[in-house]
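What follows is one structure encoded as structure tokens, with my remarks underneath.
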Amino acid sequence: MNRSNKKFIPVMLMPFQEDKTIDYSSLENLIEFYLKAGAKGLFANCLSSEMFELSKQEMLESVSFIIGKVNGRVPVVATGTFQECIEDQANFVKEIYKTGVDAVIVISSLLASEEDDDSIFENNVRKLLELTPEIPLGFYECPIPYKRVLSAKFLGELVKSKRVIYHKDTSLSMDSIMSKLHETKDVEGFGLYDAYMVHAVDSLQAGSAGLSCIQGNYFPELIVWLCDNFNSKDAYERVKIVQEFLIDNMEIMHYAYPASVKYYLSLNNFPIKVICRRTDIEVLDQETIIKLQQLKNDYEVLKSKL
């Protein structure tokens, strides 16, 4: 289904205080930042939120806080599966769902080990569905601890069961996206959201529901603009310019992320500290800082062209 109302769903950052406790004041500002830019939903408790560095209590409290502040203005989804047995994952899915989210996100790489074949993964997914009856779910092909890409056929099976309403695709493959869209076509209430900006326009034109990418944490209004104008004849040349800008700056936006984007937001006077809990990311060194400052300048030029 080639939907015309494409949506940007931000992968939410998690701001921290100097002592690395959650900065709820900044989190509230982030919510308004995304919504003011035109986001049509929020993905909370995700990799950009440093979910693997949060305790389960922090996850529940932060998601509940987000639900309360959003107050029904847009749908909210949040991750609810982590590295435990399927029964324990199902129990936490139920706890996350009680916060009021519209769907609980399943991390595909946590439903089976990297060495397990797809049959084991698919059986574990079916078991999780059995243990969480009537709870809407979504899937995220998270690259940590490893990336497990869903087959189009299996995604189609899940979507047609009416239990799965959301899919964040990180396959980096238009062929994979096209196959997934074919297998899920005409199913009401389901949306595939692409995370890969290299073929963002192609996936939007092919029928994806929208975009869910880290670039939207740097400049959410630009991703909203792309969702609104990707198919406009009048904006054709400008869309090409935006796509080129996103591709040309992909490396710097991913480097030292999410510290890099927190620094970038601070350059724009957004009240967020450049503090992360993740210890496995690159160092935000002086060279990177200079590149991020240049990114800000380049974006100002791009905005003048739009």
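The pair Arg126-Glu157 meets the salt-bridge criterion, with a side-chain N (NZ, NE, NH1 or NH2) lying under 4.0 Å from an Asp/Glu carboxylate O. Under a 4.0 Å N-O distance rule, the pair Lys69/Glu32 does not qualify as a salt bridge.
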Please list every donor-acceptor pair under 3.5 Å in which a side-chain atom of residues 275-282 meets a protein atom from a residue at least two apart or in another chain.
from: Arg277; atom 1: NE; to: Lys20; atom 2: O; distance (Å): 2.9
from: Arg277; atom 1: NH1; to: Glu53; atom 2: O; distance (Å): 2.9
from: Arg277; atom 1: NH1; to: Glu58; atom 2: OE1; distance (Å): 2.9
from: Arg277; atom 1: NH1; to: Glu58; atom 2: OE2; distance (Å): 3.3
from: Arg277; atom 1: NH2; to: Lys20; atom 2: O; distance (Å): 2.7
from: Arg277; atom 1: NH2; to: Glu58; atom 2: OE2; distance (Å): 2.7
from: Arg278; atom 1: NE; to: Asp280; atom 2: OD1; distance (Å): 2.9
from: Arg278; atom 1: NH2; to: Asp280; atom 2: OD1; distance (Å): 3.3
from: Arg278; atom 1: NH2; to: Asp280; atom 2: OD2; distance (Å): 3.0
from: Glu282; atom 1: OE1; to: Ala256; atom 2: N; distance (Å): 2.9

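Under the 30°/60° scheme for interplanar angles, the aromatic rings of Tyr196 and His199 are found to stand perpendicular. Ring orientation note: the planes of Phe33 and Phe270 are tilted relative to one another, at an angle of 30° to 60°. Taking the six-membered ring where the residue is Trp, Phe219 and Phe245 present tilted rings, their angle falling between 30° and 60°.
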Side chain to side chain donor-acceptor pair (under 3.5 Å) between Ser26 and Asn29, worked out: CA-CA 5 Å; Ser26 185; Asn29 288 330; 5.4 Å; no

Full working for side chain to side chain donor-acceptor pair (under 3.5 Å) between Gln293 and Tyr263: CA-CA 9 Å; Gln293 292 169 341; Tyr263 175 76; 3.0 Å; yes

Assess the residue pair Tyr257 and Ser48 against the criterion (side chain to side chain donor-acceptor pair (under 3.5 Å)); give the C-alpha distance rounded to whole Å, side-chain angles, the decisive distance to 0.1 Å, and a yes or no. CA-CA 8 Å; Tyr257 182 89; Ser48 290; 2.6 Å; yes

Pair Lys262-Glu50, salt bridge (charged side-chain N to carboxylate O under 4.0 Å, His left out): steps then yes or no: CA-CA 13 Å; Lys262 291 179 179 181; Glu50 303 181 61; 3.3 Å; yes

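Using modelled atom types, one side-chain atom of Asn45 and one backbone atom of Thr79 make a donor-acceptor pair closer than 3.5 Å. For Arg163 (side chain) and Ile135 (main-chain N/O), a donor-acceptor pair under 3.5 Å exists by modelled atom type. Under a 3.5 Å cut-off, the side chain of Thr21 and the backbone N or O of Gln17 do not form any donor-acceptor pair. Using modelled atom types, no side-chain atom of Glu183 and backbone atom of Phe154 make a donor-acceptor pair closer than 3.5 Å. Side-chain atoms of Tyr218 come within 3.5 Å of backbone N or O of Met253 as a donor-acceptor pair. Between the side chain of Thr81 and the backbone N or O of Ile107 there is at least one donor-acceptor pair closer than 3.5 Å. In this structure, Asp169 contributes its side chain and Ser171 its backbone to a donor-acceptor pair below 3.5 Å. No donor-acceptor distance shorter than 3.5 angstrom exists from the side chain of Ser203 to the backbone of Ser208, with no hydrogens or angles considered. Side chain of Lys6 to main chain of Leu204: a donor-acceptor pair is present (N/O by atom type, distance under 3.5 Å, no hydrogens or angles). A donor-acceptor pair under 3.5 Å links the side-chain atoms of Gln243 to the main chain of Val201, judged by distance alone.
With sequence neighbours excluded, the residues satisfying salt bridge (Lys or Arg N to Asp or Glu O under 4.0 Å) with Lys56 are Glu84. By the side chain to side chain contact (heavy atoms under 4.5 Å, CB included) test, Ala39 pairs with Phe8, Pro10, Tyr34, sequence neighbours left out.
Under the 3.5 Å distance criterion, with hydrogens and angles disregarded, a donor-acceptor pair is assigned to the side chains of Ser119 and Asp117. A side-chain N or O of Ser113 and one of Asp116 form a donor-acceptor pair less than 3.5 Å apart.
Using a 4.5 Å heavy-atom cutoff, the side chains of Tyr166 and Asp102 are not in contact.
The local environment of CE in Met178 is sparse, with at most 12 non-hydrogen atoms from other residues, nucleotides or ligands closer than 6.0 Å.
Criterion: ILVMFWY side-chain heavy atoms under 4.5 Å apart, direct or through other members. Under it, Tyr264 and Tyr255 are not part of a common hydrophobic cluster.
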